[in-house]
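Computation of the quantities below employed the complete heavy-atom set of this structure, encompassing side-chain atoms and omitting hydrogens, waters and symmetry-equivalent molecules.
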Amino acid sequence: MQEAKLLHSRIIVSGLHQHDIYLRQIITALTTNPNPFSLLHARHLFDKIPQPSTYIYNTMFRAYASSPHPHQALALYHHMHLHGPLPDNYTFPFLLKACSSLGDLRTGEIVHGQAFKHGFGHDIFVQNSLINLYGSSCGVKMARRVFDEMGFRDVATWTSLVTCYANGRSIESARHVFDRMPKRSVVSYSAMITGYVRRNWFKDGVLLFRDMLVAKMEPNDSTIMSVLCACANLGDLNLGKWVHSYISERKKNQFDGRISTALIDMYFKCGSIKKALKVFEGAKEKHVGEWTAMLSGLAMHGLGTELIEAFEEMISSGVKPNGVTFVALFSGCTHSGLVNEGMRYFDRMTIDFGIEPTVVHFGCVVDLLGRAGFIEQAVSFIRDMPVEANAAIWGAILTSCRVYKNVEVGELAARWLISAEPWNGALYMVLLGLYRDAGRWDDVEKVKEEMKKVGCRKSPGCSSIEVNGICREFVVGDKSHPLTFEACLTLANVIAEFEDRRFFPNLI
DNA sequence: GTAGGGTTAG
């Protein structure tokens, strides 16, 4: 970018504005790691070239394909088609990528036809791009057909197919393809690990990460992000720390912003507040991502007051919050019982920061009111919302009704949820608990019968944490541990202590 | 002559 500006000023000074070679250099500089401004600038210069070469068209296609406006690539191709030079083998993969980003299968097929017409139908880059296009817009079947018909496949071909399966429903099929790859690259491992983590198969993701290290593959940023996400969800602090020191050595503590964010999140979720704070403090630049990870970490540990302080510090340091930041802020207020503060921030979100609330934010407010026991207010808030309430919102209402034993509203929420998800056994269990607490035994029996009729079961809740290097897993109702009795006794004492202090958590 | 496809938060 700096280089581009320098070149541009040199041209203006020396009056060489029409000089094709300089323009080409500037456009190339502006389109590598483009931002919206540099891309606009590049296009402005591109339009000044009387007869752009195929190369320079390709440069623009490449930049547009991975920009927020991929359709610009297609519009520009239309122009090239009418007035410009002939496309080459580089042209079509960029255009197909633009179609994938847009999920535009029809245009993708037209581009494919064009590639064929110009003699690049069997180009491996074109075919690989086609697999990605089909995989992202119409499922695995078509992608598989392209794959099967290819005479020659390389590692990217196989990786693309793995990604198709991983993004589709079948992570097992993705692994099946992965295991049959003649050769694997870092990206292949990364794609498979990311696939596992996206499907919440965290343990499999971690196992494959270990295989990857054994295979002497050096994980890249994408791999690291996925593994940190797995550590966070497994509570595997040991592996998380290992990954932290691994990347510290390699990158000399100069992390990508996204990696610092993932580290902060991992340490918070693994219960290590100190380490999370240390990473945050050590981050070279604190973008909205790092701040948001920080705020949601404080929220999940019930540190509402600290969270509000941190939020105000973020604002005074000139970082602009986004929609996700407010979700963290509201959730912190909710879990620390800071109802007035939360409501005030809800107003400020639109007035002071110009962020329009989405259904997620409305859900946060419902949760904020509900958990504090203001169930009637929460219900009237739902009534006044400009958007339709969703399952998350009725779920929040149901949870608070369970805690505050409000059968009337709880029944309403549960019925709404059950009609949306009749297979979800957990919903019936909550409704059953509500009736039981109210002593409505007839209704308890009715719910039990209903469950039998629908044939649903609640899958047991599960959690895990790493202690002294060993990952422990907990499943609801599991009494297999030899010290189960002692553990229950301790828990009973804790609950008794809570009750003595007039604090009634919902531990049922 | 120059370049390309597969992984990428909160």
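Among the heavy atoms of the strands, none lies under 4.0 Å from Y189(A). Across all strands, V155(A) comes closer than 4.0 Å to base atoms (heavy-atom distances). Among the atoms of the strands shown, only primed sugar atoms or phosphate atoms (P, OP1, OP2) are found under 4.0 Å from some heavy atom of T194(A). At the heavy-atom level, D123(A) lies under 4.0 Å from base atoms of the strands shown. Among the heavy atoms of the strands, none lies under 4.0 Å from D256(A). At a threshold of 4.0 angstrom between heavy atoms, the contacts of T59(A) with the nucleic acid are absent. Nucleic acid contact for D221(A): none, since no nucleic acid atom lies under 4.0 Å from a heavy atom of the residue. Counting non-hydrogen atoms under 4.0 angstrom, G195(A) reaches nothing in the nucleic acid.
Both geometric conditions, a ring-centre gap below 5.5 Å and a plane tilt below 30°, are fulfilled for F125(A) over the base of dG4(B). Evaluation of W158(A) against the base of dG6(B) yields no stacking contact (centre distance < 5.5 Å, interplanar angle < 30° required). Here Y55(A) lies parallel enough and close enough to stack on the base of dT2(B), with planes under 30° and ring centres under 5.5 Å apart.
T325(A) contributes no side-chain N or O that forms a donor-acceptor pair with the base of dG10(B) under 3.5 Å. The base of dT7(B) sits with one of its N or O atoms less than 3.5 Å from a complementary donor or acceptor on the side chain of S190(A).
Considering only residues two or more places apart in sequence or on other chains, Y64(A) meets the ring pair (Phe, Tyr, Trp, His ring centres under 6.0 Å) condition with none of them.
For an aromatic pair to be called close, the ring centres must be under 6.0 Å apart, and F268(A) with F280(A) fails this. For H122(A) and F152(A), the gap between ring centers reaches or exceeds 6.0 Å. Centroid-to-centroid, the aromatic rings of F346(A) and F326(A) stay 6.0 Å apart or farther. Note: H112(A) and F92(A) fail the aromatic proximity criterion, with ring centroids not under 6.0 Å apart.
Nucleotide dA9(B) holds its P atom 16 Å from the CD1 atom of I264(A), rounded to whole Å. Atom OH in Y90(A) sits roughly 12 Å away from atom P in dG1(B) (whole-Å rounding). Atom pair L130(A):CG and dG6(B):P shows a separation of 13 Å (rounding to whole Å applied). In this structure, CZ of F268(A) is placed 14 Å from P of dG10(B), rounded to the nearest angstrom. Between the P atom of dG10(B) and the NZ atom of K320(A) lies a distance of 21 Å, rounded to the nearest Å. Atom CG in N233(A) sits roughly 9 Å away from atom P in dG10(B) (whole-Å rounding). Between the CG atom of N58(A) and the P atom of dT2(B) there is a distance of 14 Å, given to the nearest Å. Atom CG of D154(A) and atom C1' of dG4(B) are 12 Å apart (whole Å).
Which of dG4(B), dG10(B), dT7(B) sits closest to the side chain of T292(A) comes down to dG10(B). Picking from dT7(B), dG10(B), dG4(B) the nucleotide with the shortest atom distance to the side chain of S222(A) gives dT7(B). The nucleotide whose nearest atom lies closest to any side-chain atom of S160(A) is, among dA9(B), dG6(B), dG10(B), dG6(B). Relative to the side chain of V288(A), the nucleotides dG6(B), dG4(B), dG10(B) differ in distance, and dG10(B) lies closest. Checking dA9(B), dG6(B), dG4(B) against the side-chain heavy atoms of R62(A) singles out dG4(B) as nearest. In the set dG10(B), dA9(B), dG6(B), the nucleotide with an atom closest to the side chain of A156(A) is dG6(B). Taking the side chain of N220(A) as heavy atoms from C-beta on, and the options dG10(B), dT7(B), dG6(B), the nearest nucleotide is dT7(B).
Comment: E312(A) engages R348(A) in a salt bridge, judged by a side-chain N to carboxylate O separation of less than 4.0 angstrom.
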Check: After noting the C-alpha distance and the side-chain angles of Y57(A) and F46(A), does the key distance pass the ring pair (Phe, Tyr, Trp, His ring centres under 6.0 Å) rule?
Finding: CA-CA 9 Å; Y57(A) 264 107; F46(A) 175 89; 5.2 Å; yes
